[in-house]
There are 2 protein chains.
Amino acid sequence: MTSELKEKIIETSLALFEKHGFHGVTVKDIVEACGTSKGGFYHHFQSKDELLYVIHDKFISYVLTKAHQAKDTYDTPTLQLYAIIQSFVKVFDLYKPHISVFYQESLYLKPRFDHLIKKKRDQYKKILFDVIRNGQEKGEFRKELVAEITGMSILGMVNWTHKWYKRDGEKTIEEIAAIFADIILNGILTEDAKERYHPLLHQSPVMKNQF
Amino acid sequence: MTSELKEKIIETSLALFEKHGFHGVTVKDIVEACGTSKGGFYHHFQSKDELLYVIHDKFISYVLTKAHQAKDTYDTPTLQLYAIIQSFVKVFDLYKPHISVFYQESLYLKPRFDHLIKKKRDQYKKILFDVIRNGQEKGEFRKELVAEITGMSILGMVNWTHKWYKRDGEKTIEEIAAIFADIILNGILTEDAKERYHPLLHQSPVMKNQF
DNA sequence: GTATATAGACCGACTGGTTGGTCTGTACCA
DNA sequence: TGGTACAGACCAACCAGTCGGTCTATATAC
């Protein structure tokens, strides 16, 4: 049923979008890369937007199905959550280009500014990774967690905040910070360190407002 | 030193970008909303790109400074990390519009597709939140962690993967998934549940490849 | 105190190139 | 014969950035 050309358009555009972002690729670019024409494109898609929708649907449908399966297969929340995380992470392996189109910063600044921005971000990452590695060396953080992945999980967890945080929401930013810190520290501290830093681990207001 | 108009342009464009995304706002839109002109705009900025850079620099400089402060102020990695997380989260309160410009999906699909996409994403969130709430009711997950925030922290942590995951990287997707699950489960499980689900908590390969 | 010079802030019509989408035509197939 | 799949010339709208010019304020000269 699904035409060969349609699949080829999706595949080709995916590669282009991943490189140059959705706004950095024109319909002309896509059809040229496919060896087809505007007519061919618009025969299969109502608009450039519909192409994007189709791409999104591929991976979102996958994780949704897997999440349902997880709930049906296991009968305790822990196992269900574990399975959901498994499939959720897996989707990045299966559909990375699809997902990149959506979450990638599709800004594509001129090299000069792009470079300046990247530099400061790298500095920040370095500090974070250093602290984590140092914590592992000193025996405060569990060594079996790869420092870089731990660091990235923190960056992701916190950066995602912009999607849902509202100033006049139910929780203050300090409470949110405390919960994040709670989850992360409980997640990565060694048993020894947990005892030592006990007050930090349960949303204590000890350091509240210090930063 | 900094001109009044320049500040006004930044402020106004921020509001527009937050609503319509960087690509959804033209320089004309900005100058009209400011009551200024193209000339006024290009007198203060070399390009639309430079405006974006200025916006980025505001918040990245803030977190960078705070991270340095954290390292200087505290002398153990745990306290340093705690302080870094505090300031990192806080920046979303101080500079949310700035950050949104960068991480927001600036795609702005036509309403029809936008709606379809949102629906499936909401379904996914619902499943995740349900599992977490259920886990709290059954005593497997710590009740003091707000379910919605916990859910969002998982979504963020995993979604961020697209930024750094490489198929031919050092770690397989299964290993990455195991580390994520490890951090999260150690972060949110009750002591009771941790004992019960012990094999899951330390990157055991028990369920590997099941999803 | 007044005329002149200079600089910086700002104006807005205009341009050159681009882009999503349309439309007519054609080749092929049932 | 009619319908589907595709080709590609064409168009109208758009948009970042330009450029000649104005207006105001301050400095300098006399």
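Residue numbers begin at 1 in each chain, while the letters A, B, ... track the order of the sequences.
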Parallel, tilted or perpendicular, as decided by the 30° and 60° cut-offs, for the rings of B:W160 and B:H162:
perpendicular
Closest non-hydrogen atoms of A:Y74 and A:A83, given as atom of the first, atom of the second and distance, are CE1-CB, 3.8 Å
Is the distance between the ring centroids of B:Y95 and B:F59 less than 6.0 Å?
no
Set of side-chain hydrogen bond (donor to acceptor under 3.5 Å, both in side chains) partners for B:D29, sequence neighbours left out:
B:T26
Rounded to the nearest angstrom, tell me the gap between atom CZ in B:F45 and atom P in C:dC10.
11 Å
Sort out for me which residue in B:F102, B:F22, B:Y62 forms a ring pair (Phe, Tyr, Trp, His ring centres under 6.0 Å) with B:H56.
B:F102
To the nearest angstrom, how far is B:L5 atom CG from C:dC10 atom P?
5 Å
The residue among B:K166, B:R167, B:K171 that forms salt bridge (Lys or Arg N to Asp or Glu O under 4.0 Å) with A:D93 is B:R167
Rounded to whole Å, how long is the line connecting atom NE2 of B:H43 with atom C1' of C:dG12?
16 Å
Within 6.0 Å of CD in A:E32, more than 12 heavy atoms from elsewhere
yes
Look at B:T36 and C:dC11 and indicate whether a side-chain polar atom (N or O) is within less than 4.0 Å of OP1 or OP2.
yes
Which atoms of nucleotides 22-30 of chain C (N or O only) lie under 3.5 Å from a protein N or O atom, and what are those distances?
none

Short side-chain N/O contact from B:H44 to OP1 or OP2 of C:dC10, under 4.0 Å
yes
Whole-Å distance, B:E32 CD to C:dA13 P, equals 11 Å
Chain B footprint on DNA chain D, 5' to 3' - any atom under 4.0 Å from a heavy atom:
D:dC15 to D:dT18
Does B:K8, at its NZ atom, have more than 12 non-hydrogen atoms belonging to other residues, nucleotides or ligands within less than 6.0 Å?
no
Rounded to whole Å, NE2 of B:H23 lies from C1' of C:dT18 at a distance of 15 Å
Rounded to whole angstroms, how far apart are NZ on B:K8 and P on C:dA9?
17 Å
Can a donor-acceptor pair be found, under 3.5 Å and without considering hydrogens, that links the side chain of B:E140 to the backbone of B:N134?
no
What's the CD1-P distance between A:I9 and C:dG20, to the nearest Å?
14 Å
A:L52 atom CG is separated from C:dG21 atom P, nearest whole Å, by 12 Å
